[in-house]
Amino acid sequence: MSTYTDEIRKRRTFAIISHPDAGKTTLTEKLLLYGGAINLAGSVKGKRTARHAVSDWMEIEKQRGISVTSSVLQFKYNGYCINILDTPGHEDFSEDTYRTLMAADSAVMVIDGSKGVEKQTIKLFKVCVMRNIPIITFINKMDRDAKNPFDLLEDIENVLGINTYPVNWPIGSGKEFKGVFDRNTEKILAFTANNGQREVEKQEYSLDDPALDEVLGQYLKADFMDEIELLDGAGDEFDLDAVRQGRLTPVFFGSALTNFGVEPFLEQFLQLTTSPLARETVSEEVDPMSEDFSAFVFKIQANMNKAHRDRVAFMRICSGKFEKNMEVFHVQGNKKMRLSQPQQIMAQEREIVDEAYAGDIIGVFDPGIFSIGDTICSPRHKVQFKGIPTFAPEHFARVRQKDTMKRKQFIKGTNQIAQEGAIQIFQELDAGMEEVIVGVVGVLQFDVLKYRLENEYNVDIIMENLPYEYIRWIVNEGLDPKTLDLASDTKRIQDLKGNHLLLFTSYWSIDWALDHNKGLELREFGTN
Ligand code: G4P
């Protein structure tokens, strides 16, 4: 019988991030195939067809073809228990990605080999680098014409500021794609397309194999030989510590669609990453193997299922074992409680869990008591995890309901969506709640807000974009913002707790405010 520490040692929890269309869904599906979680490739994806990816459950995602919410998929492979956290594929949701990364121990970054690092996801990928967790790169679609692999690596290094170590090296691409050279085994794995099956035929050649001339063709072989010589001389040394600290990303080339290179990737990924690591709290480090249960909330999602109109708090278990009906302590609420309906969620399929271990993600029914960053722990050993930073909103709009009779729903909707961390709401000084100022990190979040208010709360809204780009807290206690001497394009607002803030259109007006108001102290938004 396995003990709970064996269970924890088996865990690998990672987030998967990519540009839309780079192949995240396809890769996830192939990984699930190896784990036997699904039987047939194609059952996960097919966004533009009538079927929808299991990880995409909101209408807006289907319409836009982007993934807005994150879901969790669990599967078993070779004695490991793997948790994949899906993330939105657009930089407008980089804050959501950051939160999800807080729950992960490592990240897989999927890049389209024909495009390299794309502009709209630079921010998203940078957020990944910020977390200092191992990042493993999968350069996908090598069966299509790809950019020069050296340029792809340079792209990653320059744009994201992380060193690269190619674990394997592609030979040609597109119609000329012949396979990859594994730098560790020094074997060439010849390319064979295998779309839907788990078993992949493996054709391996060593570098001195006489058949190689024929397999690669003389021209490609000569090129390839030059390239690996260059690689050995020019590339970064492999350094596992640097990988584990997120300073060096191992890079794999492959093709998710044809199932080429996916299993070797998964196997090496499991070696490169670790089981759940210790997590810092405000006072100590929590050992994942500790017998005392602890977890933190990294995501809150309301109305995942319209029929139930429920709200689910997702928590990452950091230590110990969770058992159904066990008593836990909610630190921020200062209350003992039992978590209701603990579930493991595979997109729309939910399963009630009887037990879960450090590294796992569970979703629990939330009657409105949890906030992002909250700690839940054993009442025997109370700890509090450090909070999850909030990103400063960069876009602002004035929002009000079209129909004043819908005031209640409007307030409820905007508040709930704000509690989930999807938007931040503010008010004009002395204003009521029928009109709010909404701040978001990416403009697409406005679309989500409008869509969700209409669909989940039945409220049509009028949204007027505001020109502000910077937000600052006023630190000085008791200072009446009306007494401040401000540039005409600066706006005074307050948050729902009554804290005063200022909105600016430029750095110039921030300086202006500081110059004209002696003693005024402004704090940048963020970190709670
Ligand atoms: P995403 O989740 O990152 O947004 O990407 P997704 O997996 O949905 O893949 C986007 C498109 O790229 C899909 O084609 C998919 O079949 C294709 N694709 C993924 N991996 C590979 C690969 O290794 N090689 C090639 N050639 N294509 C790949 P689509 O036409 O947009 O969708 P569908 O009609 O196939 O469903």
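Predicted, not measured: the structure shown is a model, and the values here were computed from it. For ligands, and for the atoms within them, numbers begin at 1 and follow the listed sequence.
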*Side-chain (D360) to main-chain (Y357) donor-acceptor, under 3.5 angstrom*: yes

*Is ligand 1 under 4.0 Å from a heavy atom in the side chain of T25, in the backbone, in both, or in neither?*
both

*Relative to ligand 1, is K141 under 4.0 angstrom through side chain, backbone, both or neither, heavy atoms considered?*
both

*Going by the order shown, which atoms of ligand 1 are within less than 4.0 Å of some heavy atom of P20?*
4 (O)

_Main-chain N/O of D112 paired with N140 side-chain donor or acceptor, under 3.5 Å_ = no

*Consider every N or O of G23 and every N or O of ligand 1, then say whether any pair is closer than 3.5 Å.*
yes

*asked:* Please report whether ligand 1 has a polar contact with S18, defined as an N or O pair separated by less than 3.5 Å (distance criterion only).
replied: yes

*Hey, does the side chain of R316 reach the backbone of F296 with a donor-acceptor pair shorter than 3.5 angstrom?*
no

*Is a side-chain donor or acceptor of Q245 paired with a backbone partner of I133 at a separation under 3.5 angstrom?*
no

*Mind running side-chain contact (heavy atoms from CB on, under 4.5 Å) on T249 and N163 for me, showing each step along the way?*
CA-CA 6 Å; T249 177; N163 293 333; over 6 Å; no

*With a 4.0 Å heavy-atom cut-off (strictly under), which part of L257 contacts ligand 1: side chain, backbone, both or neither?*
both

*Does H19 come within less than 4.0 Å of ligand 1, judged by its heavy atoms?*
yes

_Side chain, backbone, both or neither: S255 near ligand 1, heavy atoms under 4.0 Å_ = both

*asked:* Check whether F177 forms a cation-pi arrangement with R144 (NZ or CZ under 6.0 Å from the six-membered ring centre, at most 45° off the ring normal).
replied: no

*Do the ring planes of Y77 and Y34 sit parallel (below 30°), tilted (30 to 60°) or perpendicular (above 60°)?*
perpendicular

*asked:* Is there a polar contact between ligand 1 and A22, counting only N or O atoms under 3.5 Å apart?
replied: yes

*Give the atoms of ligand 1, by number and element, whose distance to some non-hydrogen atom of K24 is under 4.0 Å.*
1 (P), 2 (O), 3 (O), 5 (O), 7 (O)

